[in-house]
Amino acid sequence: MSQDIVVIGAGIIGISIAAELVQQGHRVRVLDRSGVAAETSKGNAGAFAFTDVMPLATPGIMRKAPKWLLDPLGPLSIPPRYALKIAPWMLRFWRASWRDRFETSVAAQSALMDLSRSALERQIATHGAEHLIQRDGQLQLFEGETQFRDSLPGWELRGQYGIKYDLLRSPEEIAEIQPGLDRRFTHAGFTPDWINTTDPQIWTEHLAQSVVNAGGEIVDCDIQSISTVGDRVQLTHDGGSLTADKVIVAAGAWSHHLARTLGDRIPLETERGYNTTLPAGAFDVRTHLTFGAHGFVVSRINGGVRVGGAVELGGLKLPPNYRRAKILLEKAKRFLPGLDTAGGRQWMGYRPSIPDTLPVISRSPKSDNVIYALGHGHLGLTQSAATAELVRDLINKNSSPISLDPYRASRF
């Protein structure tokens with residue numbers, strides 16, 4: 001039965017959900033204060049990181065915590081003036097890093113990634129989007145035997161979940177896939193099934209056009225609160241209010257503020273990521289490059305090069321620290337000696353992060369007519385198509401292909 005559905009958020013999660021629901025015949029309106037892909041979905045690395053099943057909260061990671069505060073420009077940091085505010089979130093993060101929780105998170109993440117891979121292919125076919133896809137794999141690069149050896153348990157774990165990979169043990173083997181790397185990178189892991197989009201903003205805009213073509217609406221509107229009125233959901237905004245049969249909250253790093261107006265408290269924090277996009281011709285990037293020990297990646301975007309990453313747990317209000325983007329670019333120049341760093345555009349985005357690295361994809365504990373699709377961290381693009389299908393099943397009251405228990409809002 002067709003329903004009147006409002007999706008709050010026009011990033012990749014919200015637009016993917018809207019694109020799926022209009023195909024089902026629902027009447028869909030997408031509301032966003034800034035427009036399509038105007039926030040975090042605009043500037044990410046463009047990667048569908050289906051092999052990235054390891055949560056940020058890994059066993060032993062808290063031993064590194066003191067160094068985060070001492071190195072504000074390191075790959076994972078907490079600004080000192082934000083440390084007290086984020087302390088409750090960090091306690092949950094620490095608990096999520098325990099071996100029992102970690103293994104549960106890996107299993108749940110792997111199940112969602114398997115679905116995400118197949119859901120993306122369905123999304124590409126449905127929306128005629130193969131021209132926006134790059135199927136060039138990914139290299140994870142290591143400096144020396146010790147760093148490589150330390151990574152082996154992670155590769156073995158990926159293999160247990162059916163992820164294909166090849167291990168490379170010399171600069172010459174690496175150069176066959178990606179020439180031009182500094183010879184300090186002696187080892188690598190290559191995941192051939194890794195996929196990128198040519199441009200995450202254009203990708204989201206393409207899906208948004210499909211929403212409009214199918215009769216959906218996308219409207220600039222800043223939603224302030226959510227409440228229930230009988231069997232309807234009421235949304236207030238700066239110009240008044242509106243109601244809908246169902247509301248889906250997919251507002252990224254701002255989602256928990258809306259959830260709180262309904263009475264749900266979701267421990268969502270913000271991974272602030274930085275990048276620099278260089279123009280076409282800056283470097284011949286042939287595959288997605290991951291410099292894990294340094295917390296950044298290099299990807300090809302519209303013929304240009306995007307250098308970005310890092311995790312800065314700094315909330316929504318602190319001003320950007322673009323020195324982080326500058327340092328990443330300087331490292332990229334050392335690692336790719338032929339990289340032309342002129343003419344770059346700096347950017348910062350807010351990744352919505354849950355302590356256990358798993359998103360929330362579930363009905364609100366306060367109302368069956370409100371569905372949350374939030375907290376995907378740096379995997380929003382990766383898991384967007386699967387999230388859309390899971391939300392569709394919740395709306396249509398169909399069984400889901402994977403258990404939704406690990407992603408329930410009430411787990412906190």
Side-chain angles (χ1 to χ4, degrees), residues 1-32 36 108 111-112 115-116 118-120 122-123 125-127 204 207-208 210-219 221 223 226-235 242-252 255 258-259 261-264 266 352 358-376 380 383-411:
M1 182 177 67
S2 174
Q3 299 184 71
D4 177 25
I5 300 172
V6 166
V7 179
I8 305 175
I12 187 57
I13 298 294
I15 290 296
S16 292
I17 291 169
E20 186 67 29
L21 293 178
V22 294
Q23 295 292 322
Q24 299 285 305
H26 295 294
R27 301 182 302 278
V28 179
R29 285 174 292 171
V30 181
L31 308 180
D32 192 287
V36 174
L112 185 55
L115 179 62
S116 297
S118 59
L120 174 63
R122 289 188 286 273
Q123 191 178 57
T126 298
H127 301 285
T204 309
L207 295 178
S210 291
V211 172
V212 174
N213 291 346
E217 295 181 84
I218 302 175
V219 180
C221 183
I223 298 300
I226 306 171
S227 60
T228 56
V229 180
D231 59 356
R232 301 273 290 176
V233 182
Q234 180 169 285
L235 304 174
L242 57 92
T243 63
D245 293 326
K246 297 285 191 295
V247 168
I248 297 153
V249 179
S255 297
L258 289 172
T261 66
L262 189 61
D264 291 322
I266 297 175
L358 298 176
V360 173
I361 308 171
S362 83
R363 299 185 189 280
S364 162
K366 302 296 184 182
S367 171
D368 285 347
N369 294 326
V370 176
I371 294 173
Y372 295 129
L374 55 91
H376 294 75
Q383 297 174 341
S384 56
T387 300
E389 292 188 353
L390 293 171
V391 170
R392 173 204 65 198
D393 292 338
L394 286 170
I395 290 287
N396 294 338
K397 298 183 178 180
N398 294 333
S399 60
S400 297
I402 62 174
S403 170
L404 292 182
D405 187 64
Y407 321 107
R408 69 192 188 282
S410 61
R411 72 185 188 266

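Please read these numbers as outputs of a predicted model, since none were measured by experiment.
Side-chain contact between I17 and I371 is absent, with no heavy atoms from C-beta onward closer than 4.5 Å. Put simply, the side chain of I361 reaches to within 4.5 Å of the side chain of H376, judged on heavy atoms. Counting only heavy atoms from C-beta outward, the side chains of S400 and D393 approach each other to under 4.5 Å. Contact of the V36 side chain with the V30 side chain is not registered, since no non-hydrogen atoms from C-beta on lie closer than 4.5 Å. With a 4.5 Å cut-off on side-chain heavy atoms, L207 and V211 do not count as touching. Taking the side chain as every heavy atom from C-beta outward, V233 and K246 never approach each other to under 4.5 Å. With contacts defined as side-chain heavy-atom distances shorter than 4.5 Å, the pair T228/K366 does not qualify. The shortest side-chain heavy-atom distance between R122 and E20 does not fall under the 4.5 Å cut-off.
Here the side chain of S255 pairs no donor or acceptor atom with the backbone of V249 at under 3.5 angstrom. Using modelled atom types, one side-chain atom of T261 and one backbone atom of I226 make a donor-acceptor pair closer than 3.5 Å. When atom types are taken as modelled, the side chain of R232 and the backbone of V229 share no donor-acceptor pair closer than 3.5 angstrom. Using modelled atom types, no side-chain atom of D368 and backbone atom of R363 make a donor-acceptor pair closer than 3.5 Å.
The two residues Q383 and P359 make their nearest non-hydrogen contact at OE1-CG, 3.9 Å. The two residues G216 and V22 come nearest to each other via the heavy atoms CA-CG1, 4.2 Å. Between I15 and A10 the shortest heavy-atom distance is CG1-O, 3.4 Å. In terms of heavy atoms, A111 sits closest to I402 at O-CG2, 4.1 Å. Closest approach of A373 and I248 over heavy atoms only: CB-CG2, 4.4 Å. The shortest heavy-atom contact between L258 and A251 is CD1-CB, 4.2 Å.
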Exercise. So Q24 and Q3, side chain to side chain contact (heavy atoms under 4.5 Å, CB included) or not? Walk me through it.
Worked result: CA-CA 10 Å; Q24 299 285 305; Q3 299 184 71; over 6 Å; no

Exercise. Between L394 and L404, does a side chain to side chain contact (heavy atoms under 4.5 Å, CB included) hold up when you go through it step by step?
Worked result: CA-CA 10 Å; L394 286 170; L404 292 182; 3.8 Å; yes

Exercise. Can you list the steps and then say if I8 with L235 is a side chain to side chain contact (heavy atoms under 4.5 Å, CB included)?
Worked result: CA-CA 10 Å; I8 305 175; L235 304 174; 4.0 Å; yes

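For the side-chain hydrogen bond (donor to acceptor under 3.5 Å, both in side chains) with D264, the qualifying choice from S410, S367, S364 is S364, the only one to do so. Evaluated for a side-chain contact (heavy atoms from CB on, under 4.5 Å) with I223, the options V247, D32, L31 yield exactly one hit, L31.
Residue N369 holds its CG atom at 8.5 Å from CD1 of I395, rounded to the nearest 0.5 Å. One distance of note links OG of S362 with CG of L374; it measures 8.0 Å at 0.5 Å rounding. Distance check, rounded to the nearest 0.5 Å: CG of L21 to CZ of R29 gives 13.5 Å.
Salt bridge status for R411 with D405: absent, with no side-chain N to carboxylate O gap under 4.0 Å.
Under the side chain to side chain contact (heavy atoms under 4.5 Å, CB included) criterion, P406 pairs with A108, L358, S403, sequence neighbours left out. For A386, the side chain to side chain contact (heavy atoms under 4.5 Å, CB included) partners at least two apart in sequence or on another chain are L112, L115, S116, A119.
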